[in-house]
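First up is the structure itself, then whatever we jot down about it.
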Amino acid sequence: MPELPEVETVRRGLAARIIGRRIQRVEVRRSDLRIPLPIDFADRLAGRQIETIDRRAKYLLLRLDDGQVLVVHLGMSGRLVLADRSSARQAGPHEHVVIQVGDDLEICFDDHRRFGLMALIPENELQTHALFARLGPEPLGPDFNGAVLAAALSGRRTPIKAALLDQSVVAGLGNIYVCEILFRARLSPKRLAATVQGGRADRLAAAVRAILLAAIASGGSSLRDYVQASGELGYFQHKWLVYGREGQRCKTRGCGHTIRRIIQSNRSTFYCSLCLR
DNA sequence: ACGAGAACCTGTTTGC
DNA sequence: TGCAAACAGGTTCTCG
């Protein structure tokens with residue numbers, strides 16, 4: 001489900017309510033996530049205070065007061081939702097981990113496809129850990145621009161669509177936003193990545209930032225599974241110009257061409273063959 | 001070393 | 001109606 005804007009929205013929702021709280025109790029209802037949870041997972045969390053919540057790519061990083069970081073990835077269908085503990089809540093069938101923070105609040109990790117993961121990693125091992133070692137630049141960070149992007153794309157003999165999904169090129173993009181970004185940058189998803197240089201790379205980098213910022217401002221896109229930490233839906237899906245619009249009209253002024261869907265690297269790509277070069 | 005495709009897992013939608 | 005196939009926001013492994 002979640003790409004960078006959804007993860008960032010969840011981060012903000014969690015941060016507003018759980019920073020400074022102490023983990024009272026952890027219930028592991030199912031431990032075979034993408035990376036199996038260790039036997040002592042609950043014990044290592046219990047009693048810890050949550051100091052900060054950051055995001056790197058599509059990972060949430062909850063820094064704890066003992067130097068460990070609780071890493072959460074939502075995979076394709078994961079949710080991290082806050083629930084009031086007082087209302088004798090019935091746990092859903094795919095609620096694999098429930099973390100009680102303070103007396104009255106629970107963080108519920110719900111993920112029916114189990115492509116998501118949770119892991120406890122020491123803060124000082126984070127950078128070199130296999131999950132993080134090969135991640136590219138943060139697209140909303142200060143050191144991302146057209147030149148950086150052009151350098152990452154040079155020599156890559158794969159379509160630009162596939163290159164942007166590669167987390168070592170830019171961190172945090174996924175299938176929906178790559179389609180929207182390429183449309184905004186007026187670049188064909190089939191264009192060879194290596195040919196995106198100079199002005200095209202500048203345009204693309206600008207589109208990356210613009211789309212991500214607009215999506216975050218809308219609370220992300222709610223398709224099937226995604227909700228904010230509060231349970232509210234995002235509404236950026238109403239602003240998609242190509243994703244999910246196969247057979248409909250291109251919204252570019254004066255175009256009106258039909259949006260097409262093709263398969264690239266086993267993923268759907270939506271684009272306008274008239275607008276994008 | 002690189003890129004394409006399959007695999008992982010479950011639920012929902014679509015088509016015959 | 002029923003069943004099978006297609007499809008879904010991600011990542012990682014294998015194979016050529």
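All values below come from the heavy atoms of this structure, side chains included, with hydrogens, waters and symmetry mates left out.
Donor-acceptor pairing under 3.5 Å is lacking for the side chains of A:S168 and A:R134. Between the side chains of A:Q68 and A:R48, no donor-acceptor pair of N or O atoms lies under 3.5 Å.
With A:E95 as the fixed residue, the salt bridge (Lys or Arg N to Asp or Glu O under 4.0 Å) test singles out one of A:R30, A:R89, A:R79: A:R89.
Separation of the C1' atoms belonging to C:dA6 and B:dA6 is 16 Å when rounded to the nearest angstrom. Taking atom P in both C:dA5 and B:dA7, one finds a spacing of 15 Å when rounded to whole Å.
Within the 4.0 Å cut-off from OP1 or OP2 of B:dG3, at least one side-chain nitrogen or oxygen of A:R156 is found. Using a 4.0 Å cut-off, no side-chain N or O of A:S77 falls inside it from OP1 or OP2 of B:dG11.
Comparing A:D166 and A:N266 by the nucleotide of DNA chain B whose heavy atom lies nearest to each, the residue mapping closer to the 5' end is A:D166.
The ring-ring contact (aromatic ring centres under 6.0 Å, His included) contacts involving residues 136-184 of chain A comprise A:Y177-A:F236, where partners must be two or more places apart or lie in separate chains.
If you check every strand for non-hydrogen atoms under 4.0 Å, A:P159 touches sugar and phosphate atoms only. Counting any heavy atom pair closer than 4.0 Å across all strands shown, A:R114 reaches sugar-phosphate atoms only and no base atom. Note on A:N175: only backbone sugar-phosphate atoms sit closer than 4.0 angstrom, heavy atoms only; bases stay farther off.
Between the CG atom of A:L33 and the C1' atom of B:dC9 there is a distance of 12 Å, rounded to whole Å.
Taking the six-membered ring where tryptophan is involved, the planes of A:Y59 and A:H73 are perpendicular, since the angle between them exceeds 60° and thus also 30°.
An aromatic stacking contact between A:F115 and the base of B:dC9 is absent, as defined here by ring centres under 5.5 Å apart and ring planes under 30° from parallel.
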Dump every N/O contact between nucleotides 11-16 of chain C and the protein below 3.5 Å, one line per pair.
from   : atom 1 : to    : atom 2 : distance (Å)
C:dT11 : OP1    : A:H73 : NE2    : 2.7
C:dT11 : OP2    : A:K58 : NZ     : 2.9
C:dT11 : O3'    : A:R34 : NH1    : 3.3

DNA chain B base-pair string [pairs: Watson-Crick or G-U under 3.5 Å; |: paired with another strand]:
.|||||||.|||||||

